[in-house]
Amino acid sequence: MYSKEIDKKWQDKWYNSDYFNAKDDKKMKKFYGLIEFPYPSGVGLHVGHVRAFMGMEVIARKKRLEGYNVLFPIGWDAFGLPTENYAIKTGIHPRVVTDKNIETFTKQLKTLGFSFDFTRQVDTTDPSFYKWTQWIFLKLFEKGLAYKDKTEVNYCNNCRVVLANEESQGGKCDRCGGEVVQKEKEVWMLKITDYADKLLEELDNLDYLPRIKTMQENWIGKSTGAEVNFDIYGKEGKLKIYTTRPDTIFGVTFMVIAPEHPIIQKYKDKIENVEEIEMYAKEAKKKTEFERVQLAKDKTGVEVKGIKAINPITGRNIPIWVSDYVMMGYGTGAIMAVPAHDTRDYEFAKKFNIDIIPVIEGGDVDKEPFTDINNGKMINSQFLNGLDVKDAISKIIEYIEENKIGKKAVNYSMKDWAFARQRYWGEPVPIVKCEDCGLVAVPENELPLKLPEVEDFKPGEGGESPLIKVESWVNTKCPNCSKPAKRETDTMPQWAGSSWYYLRYVDPHNNNELASKENLEYWTPVDWYNGGMEHVTRHLIYSRFWHRFLYDNGIVPTKEPYKKRTAQGLILGSDGEKMSKSRGNVINPDDIINEYGADTLRAYILFIGDYEMAAPWSDNGVKGVKKFLDRVVRLENFVDLNGFKNEEIERELNKTIKKVTEDYENMKYNTAIAQMMTFVNLVYKIGKISKEDLNKFLLVLNPVAPHVTEEVWSKFNDDMIINNSWPNYDENKIKTNTIELAVQVNGSVKFRVNVPVDASKEEIEDIVMSDNNLTKYVNKDSIKKLIIVPGRIINFVI
RNA sequence: GCGGGUAUGGCGGAAUUGGCAGACGCGCCAGACUUAGAAUCUGGUACCAACCGGUGUGAAGGUUCAAGUCCUUUUACCCGCACCA
């Protein structure tokens, strides 16, 4: 029987040796496998962590057996709100809480037998780590990619904190799920949009899951079109719009600007209904995300009276409207509306009785907008008439540029990264505000700029950082002119440390640089990174951005941080719902380990289903896997040391080695385990196995069930299994002399024949035509056609 | 609305990529061992008919000698984005 005592015995041996530690031996072939380092929360390890880590754990253990120098590190993404909220509630310092949580996590990981290199742990909250986070920030600042801007930011009233776009997806706060509001605030921003194209282009050269690439492409959201300037009638001014379809410019019957558009203030004296417009803007701002998007069908708006736009091509006067269906944050905050060919413009035009002019053949715009406009011919468009839309687009852009009324332009839906949190538990931004010199970088030799001690971790009512109250820390001298100055009191968001942590693993104790050139050259890029889908448009984008920036500045040797990226599926509760405290369907890994042993949890989580897909938890499934491991332990009773040989076992063993080798590499752990179960079932049926065959089997099972396999191995061998090599398989031993082919009549199977493996079509035909069974199903005169696919099928068409 | 994904026995899930649907596990049924139970071992288990056969991969069409797999239409659920101009 497999029991907890077995776990303990082998964990003691492993963790007291350096077997799992990566060697800085640059001559060896390397493998860098990475998992997303966890946030050490107070609740401890979750089964979701176990699934996320197990994928790479199996690969790492296999690669070591294959002779690779493996770097499989673990660390702690420890800055963040839960710890801080806990500190606010209890008064216990986040440092103390974090250390305690890391200890718990480490213990849990070790009771699961994870083969991490624990000597390379990094902790984002450790000053020796965040020194380099701050250092990278200063580089960004130096290059103008970190800037302070007063702008509308996403803000969570509940957490009292500014959020990045990536943290407020769907209008909900990433942390608390509360409604995100827009607030004007002066905050640090990172110019990730400067890297949009590089991040997009490089995707092609990466081995990421297709759905991950798609999500990143959509998030970056590149569109190409044109910017066109419309004159403002009666005033020397321009209204700049962005459109992806400049070819439809002859169909423009009105303009729409966002409620916050600056043109309203600019022409305040000319506009006759400023109050009405300002009232509308105020109302629009009050709308929640839900009201804006879900109730979007009912268009609202106000016409701007007193000014008009002029179509720069036709010279026609065009009314300007204000409506909240145009966003200030995308494009130029103003559009040319073409109601004939855009659903939103159409709804608006219908509601406010504005003209609708079709410019592309097809449809009936009296009834509905005609939006199938990727092909077709232009109409009502003067010199574009008769052209195909593709030609019309290039012709009109040419015209626009020649006549200097606009230019070709691209747009991204990705925004710059709001890089500031008004909280205590984060990296201090190493910037000093001087009245004379402006924003000045803290000198490199003063890094790390450590967090000061505070009495109260609570952020201020108006969303100020608690650091603002620490006068002795805030008040400092300007590094430039030595006059009294104040420190920046906002801290960095949690995503800062995780944007580069994988680089620190290659040289975690280096005091002089973030990592040595030689170690970076040898270990990076990460060969394989596994993590959750929820980070694809957050952490994964951010870290690619930072890495590319570091590459552009000669600090790291590769363009991209991760060569390959995969993602595990969710583990759901046994009710098929997402695990959550409120549903009461949470499984605690500790309970499973205590009752069934670490390898049972390890193997069950891999056996649960396709690694990339969500799968519900099943207590019975756990028991089934335990039964399998018990059967493996009892294999010792079947071992024959007297030269036992069995062809059937050998064939199945070689098949198993082959399948498991391939399946692990493709993250098909469930079918790998199924094959190993099949093998064990066969040994039970035969009743005997040689020591050599058993050893090979134990080796392929080892990455999944290291404790059990060490134990059984130790019964017949003097060394430890982890000091051995991955077994090879012999393709010849998998082959049989004859195979069974199904014989179909009109596509349904009637009987089977045995034929030599390498039989030709003609030989197979001879065999099947003389088979006794044939006459039962087929009258030879009625055969119309005979299909023979060697190795696959025989089909009579009658 | 747009993008991505999923749908297969009582349940979790397999299927060499167009070639014997249901591997493996759970559950269930039976047998062996046992005074008995647990554990263990062995066998059976898609459905209907129970003899021949017939029907089956969300639904409806189609292509093909052959479709879970390809095409068209459609339904449900999950995930992501979203008046993106």
Side-chain angles (χ1 to χ4, degrees), chain A residues 1 169-171 209-215 217-219 221-223 225 241-245 248 256 258 289 292-297 299 323-327 329-338 342-345 347-348 371 411-414 533-534 536-537 569-570 572 574 576 578 604 607-610 612-625 627-628 630-631 634 659 662 668 670-681 684-685 687 740-752 776 784-789 791-798:
Chain A
M1 276 279 279
Q169 302 186 14
L209 291 180
R211 59 192 169 127
I212 294 179
K213 285 192 189 182
T214 309
M215 271 179 78
E217 277 165 17
N218 291 346
W219 184 255
K222 182 176 182 168
S223 79
I241 60 96
Y242 173 74
T243 176
T244 55
R245 293 303 297 264
T248 60
V256 185
E289 188 84 8
R292 245 190 47 240
V293 179
Q294 302 301 321
L295 308 179
K297 301 291 161 243
K299 293 276 179 293
S323 174
D324 61 359
Y325 85 87
V326 171
M327 308 288 128
Y330 185 80
T332 61
I335 63 160
M336 58 177 216
V338 185
D342 181 284
T343 316
R344 296 152 304 173
D345 296 348
E347 283 164 5
F348 196 88
T371 56
N411 241 297
Y412 302 94
S413 40
M414 186 168 72
M533 284 306 287
E534 69 275 19
V536 166
T537 51
L570 234 54
L572 307 171
S574 37
K578 209 165 173 174
Y604 172 65
F607 189 59
I608 194 167
D610 188 315
E612 287 175 16
M613 296 217 264
W617 185 268
S618 154
D619 291 324
N620 279 330
V622 177
K623 287 177 196 157
V625 169
K627 215 156 116 183
F628 165 63
D630 283 339
R631 277 162 75 85
R634 281 194 298 271
K659 179 144 181 70
E662 292 167 358
K668 301 280 179 208
N670 53 337
T671 48
I673 292 169
Q675 178 59 38
M676 293 189 278
M677 287 171 166
T678 305
F679 178 74
V680 170
N681 291 347
Y684 269 66
K685 195 175 139 199
E740 201 179 64
L741 284 186
V743 180
Q744 297 178 333
V745 176
N746 287 344
S748 66
V749 179
K750 297 298 179 191
F751 62 101
R752 288 154 230 278
K776 277 195 264 175
K784 276 196 198 151
K785 201 172 171 188
L786 174 57
I787 287 142
I788 296 173
V789 185
R792 295 253 192 270
I793 205 85
I794 300 164
N795 191 11
F796 285 91
V797 185
I798 60 170

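Labels below follow one simple rule: chain letters A, B, ... track the order of the sequence lines, proteins then strands, and each chain is numbered from 1.
Distance noted for atom C1' between B:G56 and B:U8: 10 Å (whole Å). B:U42 and B:A46 have their C1' atoms separated by 23 Å, with the value rounded to a whole Å. B:G9 and B:C79 are spaced 23 Å apart, taking the P atom of each and rounding to whole Å. The same atom, P, is picked in B:U64 and in B:G13; the two are 36 Å apart, to the nearest Å. Taking atom C1' on both B:A76 and B:G58, the two are 8 Å apart, rounded to the nearest angstrom. For the P atoms, the distance linking B:G43 with B:A23 amounts to 15 Å, nearest Å. Rounded to the nearest Å, the gap between the P atom of B:C70 and that of B:G19 is 11 Å. Annotation: B:G12 and B:G27 have their P atoms spaced 15 Å apart (nearest Å).
For the pair A:Asn218 and B:C2, the criterion of a side-chain N or O lying under 4.0 Å from OP1 or OP2 is not met. Side-chain nitrogen and oxygen atoms of A:Lys776 include none within less than 4.0 Å of the OP1 or OP2 phosphate oxygen of B:C52. Between A:Arg344 and B:C84 there is a side-chain polar atom (N or O) within less than 4.0 angstrom of OP1 or OP2. Dashed line: the shortest gap from a side-chain N or O of A:Tyr242 to OP1 or OP2 of B:A85 is not under 4.0 Å. Taking 4.0 angstrom as the limit, A:Asn681 places none of its side-chain polar atoms (N or O) nearer than this to OP1 or OP2 of B:A23.
Put simply, CE on A:Met215 is 14 Å from C1' on B:A82, counting in whole angstrom units. The CD-C1' distance, from A:Gln675 to B:G25, rounds to 14 Å in whole Å. Taking atom CD1 of residue A:Ile673 and atom P of nucleotide B:G12, one finds them 19 Å apart after rounding to whole Å. B:C26 atom C1' lies 12 Å from atom CD1 of A:Ile608, rounded to whole Å. One can place NZ of A:Lys578 at 7 Å from P of B:G80, the figure rounded to the nearest angstrom. One can place CD1 of A:Ile212 at 12 Å from C1' of B:G4, the figure rounded to the nearest angstrom. Per the geometry, CE belonging to A:Met676 stands 15 Å off P belonging to B:A14, to the nearest Å. If you take CH2 of A:Trp617 and C1' of B:G25, they are 14 Å apart, rounded to a whole angstrom.
Across all strands, A:Asp345 comes closer than 4.0 Å to no nucleic acid atom at all (heavy-atom distances). As judged by a 4.0 angstrom heavy-atom cut-off over every strand, A:Glu217 is placed among residues making no nucleic acid contact. Using a 4.0 Å heavy-atom distance criterion, A:Pro616 is classed as a sugar-phosphate-only contact. Looking at heavy-atom distances under 4.0 Å, A:Glu740 makes contact with a base. At the heavy-atom level, A:Lys784 lies nowhere under 4.0 Å from the strands shown. Here A:Ala334 lies out of heavy-atom contact (under 4.0 Å) with every strand. Residue-level contact check: A:Val749 touches the backbone only, with heavy atoms under 4.0 Å from sugar-phosphate atoms and none from bases. Within 4.0 Å (heavy atoms only), A:Gly221 reaches no atom of the nucleic acid at all. Across all strands shown, A:Val536 has no heavy atoms under 4.0 Å from either base or sugar-phosphate atoms. Nucleic acid contact for A:Ser413: base, since at least one base atom lies under 4.0 Å from a heavy atom of the residue.
In the set B:C26, B:A14, B:C65, B:C26 carries the atom at the smallest distance from any side-chain atom of A:Asn620. Of the candidate nucleotides B:G19, B:A14, B:A23, B:A23 has the atom lying nearest to any side-chain atom of A:Ala674. Side chain of A:Tyr684, nearest nucleotide from B:A14, B:C41, B:G25: B:C41. Side-chain atoms of A:Arg792 lie closest to B:G19 of the nucleotides B:U42, B:G12, B:G19. Closest to the A:Asp610 side chain, of the nucleotides B:G12, B:G3, B:A14, is B:A14. Nearest to the side-chain atoms of A:Met677 among the listed nucleotides B:G13, B:C83, B:C24 stands B:C24. Here the nucleotide nearest the side chain of A:Lys750, chosen from B:G54, B:G3, B:U40, is B:G54. For A:Asp324, taking side-chain heavy atoms from C-beta onward, the closest of the listed nucleotides B:U42, B:C83, B:G54 is B:C83. Here the nucleotide nearest the side chain of A:Asn795, chosen from B:A85, B:G13, B:C65, is B:C65. Here the side chain of A:Thr671 is nearest to one of B:C65, B:A15, B:G3, namely B:A15.
When side chains are defined from C-beta on, A:Thr678 does not count as touching A:Met676, because their heavy atoms never get closer than 4.5 Å. Contact check for A:Ser413 versus A:Trp219: no side-chain heavy atoms found under the 4.5 Å cut-off. Side-chain contact between A:Phe607 and A:Met677 is present, with at least one heavy-atom pair separated by less than 4.5 Å.
For the pair A:Leu741 and A:Arg792, the tightest heavy-atom approach, listed with the atom from each and the gap, is CD2-N, 3.6 Å. Taking both residues in full, the closest heavy atoms of A:Val326 and A:Ala334 are given as CG1-N, 4.1 Å, listed atom of the first, atom of the second, then distance. The nearest pair of heavy atoms linking A:Leu786 to A:Ile794 is CD1-CG2, 3.9 Å.
Ring geometry for A:Tyr242 versus A:Tyr330: interplanar angle over 60°, hence perpendicular rather than tilted (30 to 60°).
A donor-acceptor contact under 3.5 Å is formed by the side chain of A:Lys299 with the base of B:C83.
Using a 4.0 Å cut-off between charged side-chain N and carboxylate O, A:Asp342 and A:Arg245 make no salt bridge.
Both the sub-6.0 Å distance and the 45° axial angle are not jointly satisfied by A:Lys776 relative to the ring of A:Phe751.
B:G1 and B:C81 make up a base pair, with Watson-Crick or G-U wobble contacts both under 3.5 Å. Across all strands shown, B:G62 is found opposite B:C70 as a Watson-Crick or G-U wobble partner, with both distances under 3.5 Å. Remark: B:C52 base-pairs with no nucleotide in the shown strands. Criterion, Watson-Crick or G-U wobble with two distances under 3.5 Å. B:U42: Watson-Crick or G-U partner is B:A30, with both key distances under 3.5 Å. In this entry B:A7 has B:U75 as its Watson-Crick or G-U wobble partner, both defining distances falling under 3.5 Å.
Between A:Arg245 and A:Ile793, the residue anchored nearer the 5' end of RNA chain B, judged by the nucleotide with its closest heavy atom, is A:Ile793. Between A:Ala615 and A:Ala742, the residue whose closest nucleotide on RNA chain B is further toward the 5' end is A:Ala615.
Annotated as anti: B:G25, whose O4'-C1'-N torsion sits more than 90° from 0. Glycosidic conformation at B:U17 (O4'-C1'-N9-C4 for purines, O4'-C1'-N1-C2 for pyrimidines): syn, within 90° of 0.
For the atom pair CD (A:Gln744) and CD1 (A:Ile793), the distance works out to 4.0 Å, reported to the nearest 0.5 Å.
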